[in-house]
There are 2 protein chains.
Amino acid sequence: MVTRDGRRRVTITDVASHARVSTTAVSKVLRNAYGVSEAMRAKVQAAIDELGYRPQAAARAMRGRTFTFGVVLPHIRNPFFADILDGFDEQIAGAGYQAIIVQGSGRDAEAEVSAIDALVDRQVDGILVVAAVVARARLEEMARNTPTVVLGRHDRSAVYDSVLDDDEAGAELAVEHLISLGHRRIAHITQKDVGAVRSVTLLHTIRARTYERVMAEHGLAEHIALAATAYTEEGGHQGTCELLARTPRPTAIFAGADQAAFGALAAIHEAGLAVPGDVSVVGYDNARAAALSHISLTSVDQDGIIMGKTAGRLLLERIEGRTTAVRFSVTPTLVTRRSSAPPA
Amino acid sequence: MVTRDGRRRVTITDVASHARVSTTAVSKVLRNAYGVSEAMRAKVQAAIDELGYRPQAAARAMRGRTFTFGVVLPHIRNPFFADILDGFDEQIAGAGYQAIIVQGSGRDAEAEVSAIDALVDRQVDGILVVAAVVARARLEEMARNTPTVVLGRHDRSAVYDSVLDDDEAGAELAVEHLISLGHRRIAHITQKDVGAVRSVTLLHTIRARTYERVMAEHGLAEHIALAATAYTEEGGHQGTCELLARTPRPTAIFAGADQAAFGALAAIHEAGLAVPGDVSVVGYDNARAAALSHISLTSVDQDGIIMGKTAGRLLLERIEGRTTAVRFSVTPTLVTRRSSAPPA
DNA sequence: GTGAAAGCGCTAACAT
DNA sequence: ATGTTAGCGCTTTCAC
């Protein structure tokens, strides 16, 4: 391979001839494979260092591993994904793996498919799909060829591993908290469905259904009020505007994600109302911004770092040969802050 | 290539034999290359569709292009990067390119180098480096082999293209705004230097130096107060705590980034002070959250979408053969909101 | 306009 | 323990 400035990139052959050994030997040293003497290892390593050799992932991909994991995110705007990624990176870096991220460009199932395809085309050794909206059959097809972890979906699969938050428990915590404070007119902001996937397995649906169930269990079925927008600042803002326009208006809003809760806080403020005086707000994810003093948002905490770490560990296990599917669930906790209080 | 469930992945050979043509012909159709008849094109395309063929990026990389651009981000937590990426994706998708993102894992120059290496190893056709802290020589070495755009650095290079915000103009807008409101004790939150790069080319240094210059030009040199932490919520919080502890305390804080400004708002609130009553705050980046009514942060807007789009365009131009370096600068504007007002 | 064949850098089966 | 060699899927001369 000739680089653009005319110099050849250093290849395994260069290293081999420089060390006066075979390419096989170099390859074995690179992969810490069985059957190399100490002397050989030292000699080869010296040549590698001297020449500044780095193996080309593309050539490796043709025969063996790429030492790369792919991560599919709906988008990079949600800070909760950053937690997941930090945990993931930490876990896989130790095993010599590199994570590459592709954006699914929003909630569009088609864009998500092409993001997944992009990773498959690049022969990654494993894939982490976060909050996928794509059809389950598509995920399973991929999982049959590449070790796969699906994060944040509640469907059970025999071919891919799952990492998820117990969203039912989390939503219960949020709604029970508001009810115990004395609220009755509690509204919920959820995400509009897209894609062909059976919606009941998606986390936003679980959170919304649980909200409805808990409300009903407490005899508050008549006060169920849903706004289906998006888990974004804009979505939370718009949903809250809708909800506040109803008569009587809710005294509390449970937003399915902190990003939406932040938008809700803004909309409440714009309406000339106070938090928590007129309306209490509870979010989900416990983003760092939720802890900021001037925001102080009550939120459900799910440990993104642990979820990311676990996803990394599960992929590494698959590489090592595990073939049975595993399901890992974290238990959420409620973090109470000043955005929630008893109704006036 | 045999997939894990035993089926072979469809290759160019399969398509060729299915269409009863040569692999050369298929390759040409794939790349829209010169010298294929309409009949040939149709026949091959039909076979591709029928077999669900997708070229393997790894194999392509061995000979030609990967149709992949790599993006190096310090981390994915800053929402401003999401704007850049949205613009970038939009621009390159039309040309059939896919972006893959790698995290530099914070501000650590070493981590950034390994992120860059990871992309080079994967033979991407071009690289966008955002807010790099790595030494310039390292960037140039990479740029000599792979088309490169450096976003957010002010050094001039003959080998890579630059996309940047006029940070000097932006910082001037912010400081002049506060001065014109009547503030004199204006403090600034900047980022601590790391890495071996000549710091003066980094955007946070430019913003800080400009702050000092404008203060001095207005006879306020004695009131210059800097806190060097980080462009994060935590950094802004900590820096503000430091600044508020000084006597007399500043009446205004110009944070080098909105993320830091959000942390500043929290710290001011914790100190029992009001914004803008006791302390005015101005940020930089005009993140979406800055516009939220309950936050209402005055901020310097730089168009991340345009910057991302331009970066994509410049890479595509390089692929098409441009060899002279280009420098593209966006002009920032001030968005005035309620976080800034005359001092008491 | 079309196809045969070489070869990119690496790994793995096999031979020594 | 070490080396020889075939071949992964694709692009690219170079014939025809």
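Every chain is numbered from 1, with letters handed out A, B, ... down the list of sequences. In what follows, every heavy atom counts, from backbone to side chain, and hydrogens, waters and symmetry copies are set aside. From a predicted model like this one, the values you see are computed outputs, not experimental measurements.
At the phosphate of dT11(C), OP1 or OP2 sits under 4.0 Å from a side-chain N or O atom of S27(A). The phosphate of dA12(C) has OP1 or OP2 within less than 4.0 Å of a side-chain N or O from R31(A). Phosphate contact (OP1/OP2 of dC10(C), side-chain N/O of Y53(A), threshold under 4.0 Å): present. The shortest distance between the side-chain N/O atoms of S37(B) and the OP1/OP2 oxygens of dT2(C) is below 4.0 Å.
Remark: P of dG3(C) and CZ of R20(B) are 12 Å apart, rounded to the nearest angstrom. Rounded to whole angstrom, the span from the CZ atom of R63(A) across to the P atom of dC10(D) amounts to 15 Å. Separating the CD atom of E38(B) from the C1' atom of dT2(C) is a distance of 16 Å, rounded to the nearest angstrom. For the pair Q123(A) CD and dC10(C) P, the interatomic distance rounds to 16 Å; values are reported in whole Å. To the nearest angstrom, C1' of dT11(D) lies 11 Å from CZ of F67(B). Atom P of nucleotide dT11(C) and atom CG of D125(A) are separated by 12 Å, given to the nearest angstrom. Straight-line distance from the CG atom of D14(A) to the P atom of dC8(C): 11 Å, rounded to whole Å. Summarising the geometry, the separation between CZ on R60(B) and P on dC8(C) is reported as 20 Å, rounded to the nearest angstrom.
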Can you check salt bridge (charged side-chain N to carboxylate O under 4.0 Å, His left out) on D86(B) and R77(A), steps first, answer last?
-> CA-CA 10 Å; D86(B) 283 348; R77(A) 207 175 289 277; 2.9 Å; yes
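At a cut-off of 3.5 Å, with distance as the only test, a side-chain donor of Y160(A) or D155(A) sits close to an acceptor on the other residue.
Of the possible polar contacts, one joining the T148(A) side chain to the T146(A) backbone as a donor-acceptor pair under 3.5 Å is found. Distance alone, capped at 3.5 Å, places no donor-acceptor pair between the R153(A) side chain and the V163(A) backbone. Panel note: side chain S17(A), backbone D14(A); a donor-acceptor pair is recorded below 3.5 Å.
Between K28(A) and L30(B), the residue anchored closer to the 5' end of DNA chain D is K28(A), taking for each the nucleotide with the nearest heavy atom. Residue-to-nucleotide proximity on DNA chain C shows that, of R65(A) and M62(B), the 5′-proximal contact is made by M62(B).
Across all strands shown, T24(A) has heavy atoms under 4.0 Å from base atoms, whether or not it also approaches the sugar-phosphate.
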